[in-house]
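Here the structure is laid out as structure tokens; the discussion comes afterwards.
In what follows, residues are counted from 1 in the order of the sequence shown.
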Amino acid sequence: MGITVLIVALICLVILRNRPEDKGLKPVGGEKRDQKGRCANPETVNYSLYSNKAIYHLGILYFLFGFTYVIYVTFFVTAMVKERGLSEAVAGSFWSVIGLFSLLSGPIFGSLSDKIGRKWGLAIVFLLQSLSYLLIAIKLPTPFLYLSIFLFGICAWSIPSIMAAAVGDYVGPVRAAEAFGFITFIFGLGQIGGPAVAGLLAENSGTFSSSFLMASILAAIAALLGARLRSNKPI
């Protein structure tokens, strides 16, 4: 794994550039600049990013994604082994299937959000994830477990793809990296809190069902909040 990461780092060093200008390119929809490279419309870069309510709205959604998805990925195998009686090998193979499906999640729902809008793209993904968590929480027969795996896998990593596009929609390309960094920090707080709260719930209730149910409820709330995003209008 370490060698693989080093190879990826080397590829990034050789291929990636900091700015489109490094390749003689301009970002699509980018700001016009004068001969010295300064933004011709300073209002788009001088405003306070943190006065944009849409960024906080996206941050809350990203927090809920971080809080809920990490519960599923952290406790899935343990719950399958301890509460469903599956062997570790079988539970691990289920996780491999999730990984296979997840390869499609970003392209599918990223493209969908381009067509129907970020708000509805986010709402649909959170709704599917809520259903996935619910199916594993209420301990239905095994076919419903397969459905939970499929639903989670097919939309597993679509939220980051949509979020990356959404911040550009709301703040424009000049401030997109800063905005995405800010909401990713909030997302990280969710990832920290999710397993801690879910672990306490599982300890007190004696089952992971309560943790998955909490994740399902919060994902459903996120779907509603996603549907209430205002229209995309860059500042």
Test item: [X] and [Y] side chains (from C-beta on) under 4.5 Å apart, heavy atoms:
X: I221; Y: L218; result: yes
X: F63; Y: I60; result: no
X: M214; Y: F67; result: yes
X: I186; Y: Y62; result: no
X: F212; Y: S209; result: no
X: Y170; Y: R230; result: yes
X: F126; Y: L61; result: yes

Looking at [X], I'd like to know if its [atom1] atom is crowded, meaning that more than 12 non-hydrogen atoms belonging to other residues, nucleotides or ligands lie closer than 6.0 Å.
X: W120; atom1: CH2; result: no
X: Y56; atom1: OH; result: yes
X: R17; atom1: CZ; result: yes
X: I3; atom1: CD1; result: no

Sorted by first residue and then second, give each side chain to side chain donor-acceptor pair (under 3.5 Å) pair with at least one member in [range]; sequence neighbours left out.
range: residues 185-195; result: Y69-Q191
range: residues 106-117; result: S113-R118, D114-R118
range: residues 178-187; result: R175-E178

Can you classify the ring geometry of F101 versus F150 as parallel (below 30°), tilted (30 to 60°) or perpendicular (above 60°)?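 Taking F150 first and then F101, their aromatic rings stand perpendicular (interplane angle over 60°).
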Mutual orientation of the aromatic rings belonging to F94 and F76 [parallel < 30°, tilted 30-60°, perpendicular > 60°]: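 Correct class here is perpendicular.
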Going from [atom1] on [X] to [atom2] on [Y], what distance comes out if it is rounded to the nearest 0.5 angstrom?
X: F152; Y: L135; atom1: CZ; atom2: CG; value: 13.0 Å
X: Y133; Y: L128; atom1: OH; atom2: CG; value: 10.5 Å
X: S158; Y: I124; atom1: OG; atom2: CD1; value: 10.5 Å
X: S93; Y: I149; atom1: OG; atom2: CD1; value: 8.0 Å
X: S130; Y: L64; atom1: OG; atom2: CG; value: 11.5 Å
X: L58; Y: I162; atom1: CG; atom2: CD1; value: 11.0 Å

Between L147 and L140, is the side chain to side chain contact (heavy atoms under 4.5 Å, CB included) condition met? List the steps. CA-CA 11 Å; L147 180 58; L140 294 170; over 6 Å; no
[X] and [Y]: same hydrophobic cluster, using ILVMFWY side-chain contacts below 4.5 Å?
X: L100; Y: Y146; value: no
X: L189; Y: L200; value: no
X: F65; Y: I192; value: no
X: L103; Y: V97; value: no

Are V73 and V70 close enough, and set up right, to give a side chain to side chain contact (heavy atoms under 4.5 Å, CB included), and what steps lead you there? CA-CA 5 Å; V73 303; V70 76; 4.1 Å; yes
Evaluation steps, side chain to side chain contact (heavy atoms under 4.5 Å, CB included), between F187 and F180: CA-CA 10 Å; F187 162 77; F180 191 64; over 6 Å; no
What pair of heavy atoms forms the shortest contact from [X] to [Y], and how long is it?
X: S216; Y: L134; value: OG-CB, 3.4 Å
X: S211; Y: I71; value: O-CG2, 4.0 Å
X: S105; Y: A156; value: CB-N, 3.6 Å
X: S148; Y: I136; value: OG-CB, 4.0 Å
X: A179; Y: I55; value: CB-CD1, 3.9 Å
X: G121; Y: I116; value: N-CD1, 4.0 Å

With side chain to side chain contact (heavy atoms under 4.5 Å, CB included) as the criterion, how do I98 and Y72 come out once you've worked through the C-alpha distance, each side chain's angles and the decisive distance to 0.1 Å? CA-CA 11 Å; I98 290 175; Y72 194 93; 3.9 Å; yes
Could you check whether any side-chain N or O of Q129 sits under 3.5 Å from a backbone N or O of A219, counting only pairs where one atom can act as donor and the other as acceptor?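 Flag not set: sc Q129 to bb A219 has no pair under 3.5 Å.
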Any side-chain to backbone donor/acceptor pair from K119 onto A227? Under 3.5 Å, distance only.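 Confirmed, K119 side chain pairs with A227 backbone.
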Just to verify, which of L225, L127, I159 counts as forming a side chain to side chain contact (heavy atoms under 4.5 Å, CB included) with L122?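 Between L122 and the candidates, side chain to side chain contact (heavy atoms under 4.5 Å, CB included) is satisfied uniquely by I159.
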